[in-house]
> 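I'd like to ask some things about the structure below.
Lettering of chains follows the sequences in order, A, B, ..., and the numbering in each one begins at 1. Everything numeric in this text was worked out from a predicted model, so none of it was measured.
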Amino acid sequence: MRLSAYFLPLLKENPAEAQIVSHRLMLRAGMIRQSAAGIYSWLPLGLRVLKKVEQIVREEQDAAGAQELLMPTLQPAELWRESGRYEVYGKEMLRIRDRHDRDMLYGPTNEELITDIVRGSVKSYRDLPKMLYHIQWKFRDEVRPRFGVMRGREFLMKDCYSFDLDKPAAVASYFRMFAAYMKTFKRMGLTPIPVRADTGPIGGDLSHEFHVQADTGESELFYDADVVKLDESNIDPTSPDVQKYIANWYAATDEKHDQAEFEARVPEERRRRARGIEVGQVFYFGTKYSEPMKAVVAGQDKTQITMEMGSYGIGVSRLLGAIIEANHDDNGIIWPEPVAPFKVGLINLRAADAKCKEACDDLYAKLQKAGVEVLYDDRDESAGAKFAAMDLIGLPYQFVIGPRGVTNNVVEIKNRRSGEKQELSPEAALALVAGTNA
RNA sequence: CGGGGCGUAGCUCAGCCUGGUAGAGCGCUAGCUUUGGGAGCUAGAAGCCGGAGGUUCGAAUCCUCUCGCCCCGACCA
């Protein structure tokens, strides 16, 4: 993509409304634009990252055995009356009336809808288990939206629902998803910390929140260092020992932290304290919805079995804020490579110079041919402006070509994260990024 | 939902107290000069001063009402 043609409205100054760093940087880097309080448009650069985050989530859901579907944003109030949540949910739920005076709502979550779908088609014990998920926009009418996309009213969420025959199977589904979450967040360059959680309005008796570590995070976490060291690929979700271990380890947010228990259970050298941002939560809630909504299957012995359910959410749009909170410096964003909007930023320092232009155009074509995602700054701007823009949007590699480099046939490569610079031939530069392209 | 703050050019803000022809910096347009860390000079364009009422000869400025946005708290993916 040529920057001269790209819609990338960068801001040199901090917008007054943005207080926290991720919000400021997303606005300054031209990723989002606010439409109303807590509601944002996603501009091309922001959308590219959103899609990458979404894709990683999708791949790990699929790998965990879940199947993707897509439910609507608008739901009939009827289903929520059936589960009893229509009255319980409060003003956070955006209620709408259609032209026929039917009560509708913009979904804040989808337990009712998915249960309705499953109960309509799943009739036999042979049809279970099932795990179904979708990635869809949700709306929660927060009293006070803030922190940009981290606490918007409209947000993109992955929500998955598991349906099992009995509790042991449902708990295994829970821990399968648990392991998938660890992997998902790690793939984005984050450090996930799973914290035991209350089940809140969703209900149930087993739940974990996933926080990712960020110095600017909203909550304070106290945890056993072993929690972070756990390798999710070794988790056997069906093992009662593993389940017990995970369910009982010490990790708590400040509200639920018990210093005495922390000290009693965790050796001093393993006690950790950090700030985090919540990006996901998993619940096992048994028959809370399947019971009132009559989601049952016929068992082998002609009995009726009420499905055992769990639900699993990831705040996809919120993750962008969390990733930036955990990956930035004074100059701007530092994207982890798997979610970077482009892998390489190619800078022509002297756009008016024919030789520079030729060298850059050539390298740009080769990068594209090699399948490397590249943003090419071909604008006629001052060098400083180009460096600053590239640092701000935080692409992992900056390829710089100026009059000096052209004379020596070298490309200067800057690693955005480490700041290290090296000079390579165009061929070597190409090999550097083409080789490791995912 | 309680408390506080702010709405003036695309962005950051001054002007308001003490009413009298709407400002600055950045950005934008044109030209010239520059060219390795947000360039310089010159000339421009750009605003229903959030909206509605009121007071006044006269309102960005004073009064009333309203809408929007931000911050702290309670609440939350």
> Report the distance from atom CZ of A:R146 to atom C1' of B:G5, rounded to the nearest whole Å.
16 Å
> If we count only N and O atoms by modelled type, under 3.5 Å, do the side chains of A:Y250 and A:H257 hold a donor and an acceptor together?
yes
> Is any N or O donor-acceptor pair between the side chain of A:R28 and the base of B:G38 shorter than 3.5 Å?
yes
> Just to be sure I understand the rule, does A:G152 reach a base, reach only the sugar-phosphate, or reach nothing, if contact means heavy atoms closer than 4.0 Å?
base
> Rounded to the nearest Å, what distance is computed from the CG atom of residue A:D329 to the P atom of nucleotide B:G37?
18 Å
> Are OP1 or OP2 of B:A74 and a side-chain N or O of A:R144 less than 4.0 angstrom apart?
no
> Tell me whether A:E308 contacts the main-chain N or O of A:Y284 through its side chain, where contact means a donor paired with an acceptor under 3.5 Å.
no
> With rounding to the closest Å, how many angstrom separate the C1' atoms on B:C49 and B:C6?
14 Å
> Nearest-nucleotide wise, let me know which of A:R318 and A:E17 is further upstream toward the 5' end of RNA chain B.
A:E17
> How far, in whole Å, is B:C72 from B:C63 if one measures between their P atoms?
29 Å
> Return the value, rounded to whole Å, for the distance between atom CD1 of A:I20 and atom P of B:C70.
12 Å
> Which value, in whole Å, describes the distance between the C1' atoms of nucleotides B:G19 and B:G54?
15 Å
> Roughly how many Å is it from NZ in A:K355 to P in B:U35, rounded to a whole number?
17 Å
> When you measure from the side-chain N and O atoms of A:K12 to the phosphate of B:G27, is any distance below 4.0 Å, counting only OP1 and OP2?
yes
> Looking at the base of B:C75, is there any donor atom on it, or on the side chain of A:R151, that sits under 3.5 Å from an acceptor on the other one?
yes
> So, under a plain 3.5 Å distance rule, would you say the side chain of A:E13 forms a donor-acceptor pair with the base of B:G27?
no
> The test is ring-ring contact (aromatic ring centres under 6.0 Å, His included); show your working for A:Y106 and A:F139 and say whether it passes.
CA-CA 6 Å; A:Y106 196 120; A:F139 195 92; 5.7 Å; yes
> Would you find a donor on one side and an acceptor on the other, under 3.5 Å apart, between the side chain of A:W335 and the backbone of A:I393?
yes
> Roughly how far apart, to the nearest Å, are B:C67 and B:C26 at atom C1'?
30 Å
> Without decimals, in angstroms, what is the distance between A:M157 CE and B:A77 C1'?
6 Å
> Taking only side-chain nitrogens and oxygens of A:K91, does any of them come within less than 4.0 Å of OP1 or OP2 of B:C1?
yes
> Using atom P of each nucleotide, how far apart are B:C75 and B:G38 to the nearest Å?
47 Å
> OP1, OP2 of B:C76 versus side-chain N and O of A:Q281: anything below 4.0 Å?
no
> Given the C1' atoms of B:C13 and B:G7, what is the spacing between them in whole Å?
12 Å
> Write down the distance between NE2 (A:H211) and P (B:C76), rounded to a whole number of angstrom.
13 Å
> According to a cutoff of under 5.5 Å between the ring centres and under 30° between the ring planes, does A:F155 stack with the base of B:A77?
yes
